[in-house]
Amino acid sequence: MAKREIEVVVISDVHLGTYGCHAKELLKYLKSINPKTVILNGDIIDIWQFSKNYWPEAHMKVVRKIMKFIADGTPVYYLTGNHDEMLRKFTDISFGSFHLANKLVLNLDNQKAWIFHGDVFDVTMQHSKWLAKLGAIGYDTLIHINSFVNWILTRLGKEKMSFSKKVKAKFKDAVKFINDFENTAADLAIDKGYNYVICGHIHQAEIREIATENGKTLYLNSGDWVESLTALEYQNGGWSIYKYSSQHFSEDRNEDEAPLENDELHDKLNVKRLLEQLKTETF
């Protein structure tokens, strides 16, 4: 099966290093596309919850695939989020086709796209970081339990369910937070004259036009690879949400498993050691 050509792919909230991460599914998706630009919009590696006891091979393969994009010369922009905020002290650096930043403005067919993770709008993040970290642990635990329940439901021939989506639907505050988040991002983008504003953070994939008295903009969110398993794709002048489905993949792709040509870089890519150093801030 030929790889799909994509001008820009935006992925966020992968949370590598946590039990809820669907690394195998993401790897299949990454192997199925040939993007001209890759944007990793925050929370790709979950440094908050990193444990040296949990770093599966599938998670490492995702990192290797990203490194292969870089080795092949594909521009890869890693925009920092709250779960990988420790990388922010190294922002605005580049090597080869890799760029680390907090935000990005991209020109797409004479349209300006403003891209950032979005945790700057989260009041909990700004004033009660300890509460946000506690909530992240609770969310990961919920996802872990949800995975076990869905395994049982699948065995019984029943439809899977999402605990977090049911929780969000039950609480009006959660719905209000999402609406406020989207409207705030759009308002700022309109004020700055951007045609697109692209975020992650809230694990809610979306494409919708938002208009105010000052103008209008297209708000986009790439969702996540914990529950939604979604990405944003830009091709032929338009945006679309990609939703992972196992039916799209009839066979595993192994052609990208060869070692990187840059052996020195490959040898230095000890992710577990690097994350331990970042978490203890001894790097």
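All residue numbers in this chain count up from 1 along the given sequence. All values below were derived from every heavy atom in this structure, side-chain atoms included, with hydrogens, water molecules and symmetry-related copies excluded.
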For Thr230, does its backbone N or O pair with a side-chain atom of Trp225 as donor and acceptor, under 3.5 Å? yes

For residues 98-108, which side-chain N or O atoms pair as donor and acceptor with protein atoms under 3.5 Å away, sequence neighbours left out?
| from | atom 1 | to | atom 2 | distance (Å) |
| --- | --- | --- | --- | --- |
| His99 | ND1 | Ser94 | OG | 2.8 |
| Asn102 | OD1 | Thr80 | OG1 | 2.6 |

Scan residues 229-239 for pairs that pass salt bridge (charged side-chain N to carboxylate O under 4.0 Å, His left out), counting only residues two or more places apart or in two chains. Arg4-Glu233

Check salt bridge (charged side-chain N to carboxylate O under 4.0 Å, His left out) between Asp72 and all other residues, then give those that pass, not counting sequence neighbours. Lys68

Sequence-distant partners of Glu213, salt bridge (charged side-chain N to carboxylate O under 4.0 Å, His left out), two or more places apart: none

Contacts of [X] that satisfy side-chain hydrogen bond (donor to acceptor under 3.5 Å, both in side chains) - sequence neighbours left out:
X: Tyr242; answer: His248
X: Asn221; answer: Tyr219
X: Glu206; answer: none
X: His59; answer: none

Ile44 and Val14: which non-hydrogen atoms are nearest, and at how many Å?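 Distance-wise, the nearest heavy atoms are O-CB, 3.7 Å.
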
Polar side chain donor-acceptor pair, His83 to Asp46, under 3.5 angstrom: yes

Answer yes if the side chains of His203 and Asp13 hold a donor-acceptor pair under 3.5 Å, and no otherwise. yes

Could Arg88 and Asp119 be called an ion pair, given the rule that one side-chain N must be under 4.0 Å from one carboxylate O? yes

List the residues meeting side chain to side chain contact (heavy atoms under 4.5 Å, CB included) with [X], not counting sequence neighbours, and say none if there are none.
X: Ser246; result: Tyr244
X: Lys192; result: Trp114, Tyr194
X: Ile190; result: Thr212, Asn214, Thr217
X: Glu57; result: Met60, Lys61, Arg64

Test Asp84 against Asp43 for side chain to side chain contact (heavy atoms under 4.5 Å, CB included), laying out the working first. CA-CA 5 Å; Asp84 44 23; Asp43 290 0; 3.9 Å; yes

Tyr29 six-ring face occupied by Lys31 cation (under 6.0 Å, within 45°): no

Transitively linked via ILVMFWY side-chain contacts under 4.5 Å: Ile39 with Ile6? no

